[in-house]
Protein chains: 2
Amino acid sequence: MATTEEQAIGTRWLARGGIRPTRQRVALAKLLVGDGRHRHVTAESLFDAVRARGEKVSLATVYNTLRAFSEAGILREITVNGSKSYFDTDTTNHAHFYCEDTGELSDVQSGEVAVTNLPEPPKGTEIAKVDVVIRLRKS
Amino acid sequence: MATTEEQAIGTRWLARGGIRPTRQRVALAKLLVGDGRHRHVTAESLFDAVRARGEKVSLATVYNTLRAFSEAGILREITVNGSKSYFDTDTTNHAHFYCEDTGELSDVQSGEVAVTNLPEPPKGTEIAKVDVVIRLRKS
DNA sequence: TTAAGTGCAAATTATTTGCAGTAAG
DNA sequence: CTTACTGCAAATAATTTGCACTTAA
């Protein structure tokens with residue numbers, strides 16, 4: 001796929017979140033959704049990836065941008081351990097495998113797990129999302 | 001219940017994890033399980049609680065102790081947001097409500113939620129635990 | 001007696017922020 | 001134009017660690 005096409009996809013994706021397509025954001029969006037497949041990134045991993053492509057984006061901007069994308073609803077933040085935040089381009093409710101030994105995060109095939117019999121949320125509140133993390137250890 | 005009785009309960013609980021009952025650890029254990037009911041704490045909240053009781057325990061020791069208890073399996077660490085770790089005296093698999101507005105963590109009545117159709121873990125790994133967090137927002 | 005635990009204060013790590021300069025609409 | 005974005009460096013916040021001292025077994 002041509003880089004210009006990936007760029008167009010990225011720009012369209014930003015538009016879905018009502019986010020202004022600056023040079024840096026488009027560069028990041030291209031890496032996140034340019035090939036049409038979902039991925040999990042951390043600020044650090046995305047920063048490395050964008051630099052590897054030769055694009056100049058500061059780490060602070062990567063952090064701010066990931067936060068902005070999450071708030072706009074085009075990314076979903078996933079908290080698996082206190083020390084690092086992951087971001088998922090798949091914003092639908094779905095379960096994750098998290099390997100405590102390697103720090104790797106991966107999707108569980110949707111349809112495999114189901115959370116049933118969801119409780120009533122306490123009054124005055126509503127359910128924002130449901131996170132299911134299956135923690136793995138080497139056996 | 002007498003304080004000495006709570007202390008005995010705490011000491012017994014430490015023994016279950018094979019943990020040496022020092023003065024500080026017993027003081028913390030007493031607060032955690034002394035009254036026989038489960039609770040969720042953070043390092044900070046437990047530190048405040050123990051100081052309020054007039055016991056001298058340093059914050060570093062609270063951190064180290066909570067980690068030691070978790071590793072010994074008598075506490076379960078719960079990660080709900082990147083910035084703070086919670087610890088639960090109920091170490092069985094059960095779901096939690098987490099209110100993003102207040103930072104409050106509470107138990108879902110066991111029996112209400114169920115995770116069904118758990119997937120096969122990737123080969124070479126086994127499931128350590130399954131975390132279900134129902135995130136709430138004020139409505 | 002002696003290995004393990006404790007308490008400081010300093011170090012670490014991930015993330016956020018202030019602010020001066022830059023760019024998008 | 002003018003408001004939002006970016007980048008750097010400094011600030012923050014939670015947690016960990018090095019090390020001299022204490023204590024449980």
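Chain naming here is simple, since letters A, B, ... match the order of the sequence lines and numbering starts at 1 in each.
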Reckon B/Ser85 touches a base, only the sugar-phosphate, or nothing at all at heavy-atom distances under 4.0 Å? sugar-phosphate

Looking at B/Thr61, I'd like to know whether one of its side-chain N or O atoms comes within less than 4.0 Å of OP1 or OP2 on C/dG7. yes

Given atom CZ of A/Phe47 and atom P of C/dT15, what is their separation to the nearest angstrom? 14 Å

So does B/Gln24 get a side-chain nitrogen or oxygen closer than 4.0 Å to the phosphate oxygens (OP1/OP2) of C/dG7? yes

Round to a whole Å and report the spacing from CZ of B/Arg67 to C1' of C/dA4. 19 Å

Main chain of B/Arg137, side chain of A/Thr125: is a donor-acceptor contact present, judged purely on distance under 3.5 Å? no

State plainly whether the residues B/Glu77 and B/Arg67 are in salt-bridge range, i.e. N to O under 4.0 Å. yes

Please pick, from D/dT6, C/dT17, C/dC8, the nucleotide with the shortest atom-to-atom distance to any side-chain atom of A/Ala60. C/dT17

Rounded to whole angstrom units, what separation is found between the CD atom of B/Glu55 and the P atom of C/dG7? 11 Å

Judged by nearest nucleotide, the residue sitting upstream toward the 5' end of DNA chain C, B/Leu59 or B/Arg20, is B/Arg20

Could you tell me how far apart B/Leu14 (CG) and D/dT23 (C1') are, to the nearest whole angstrom? 16 Å

Among C/dG7, D/dA25, D/dT6, the one nearest A/Arg25 by side-chain distance: D/dT6

Verify the contact: side-chain N or O of A/Tyr63 to OP1 or OP2 of C/dT15, cut-off strictly under 4.0 Å; return yes or no. yes

Closest of D/dT17, D/dG7, D/dT15 to the B/Lys84 side chain is D/dT15

Distance, rounded to the nearest Å, where B/Phe69 contributes CZ and C/dG5 contributes P: 11 Å

How many Å lie between NZ on B/Lys56 and P on D/dT22, as a whole number? 12 Å

Using a 3.5 Å distance criterion without hydrogens, assess whether the side chain of A/Thr61 forms a donor-acceptor pair with backbone atoms of A/Val57. no

Kindly point out which of D/dG7, C/dA14, C/dC8 is positioned nearest to the side chain of A/Val57? D/dG7

Starting at CZ of A/Arg23 and ending at P of C/dT22, how long is that distance when rounded to a whole Å? 13 Å

For A/Arg76, which of A/Asp88, A/Asp131, A/Thr92 qualifies under side-chain hydrogen bond (donor to acceptor under 3.5 Å, both in side chains)? A/Asp131

Rounding to an integer number of Å, can you tell me how far A/Asn64 CG sits from D/dA4 C1'? 12 Å

Has B/Glu126 got more than 12 heavy atoms of other residues, nucleotides or ligands less than 6.0 Å from its CD? yes

Name the closest nucleotide to the A/Thr22 side chain, picking from C/dG7, D/dA14, D/dC5. D/dC5

Start at the 5' end of DNA chain D and walk down; is the nucleotide closest to B/Phe87 or to B/Pro21 reached first? B/Phe87

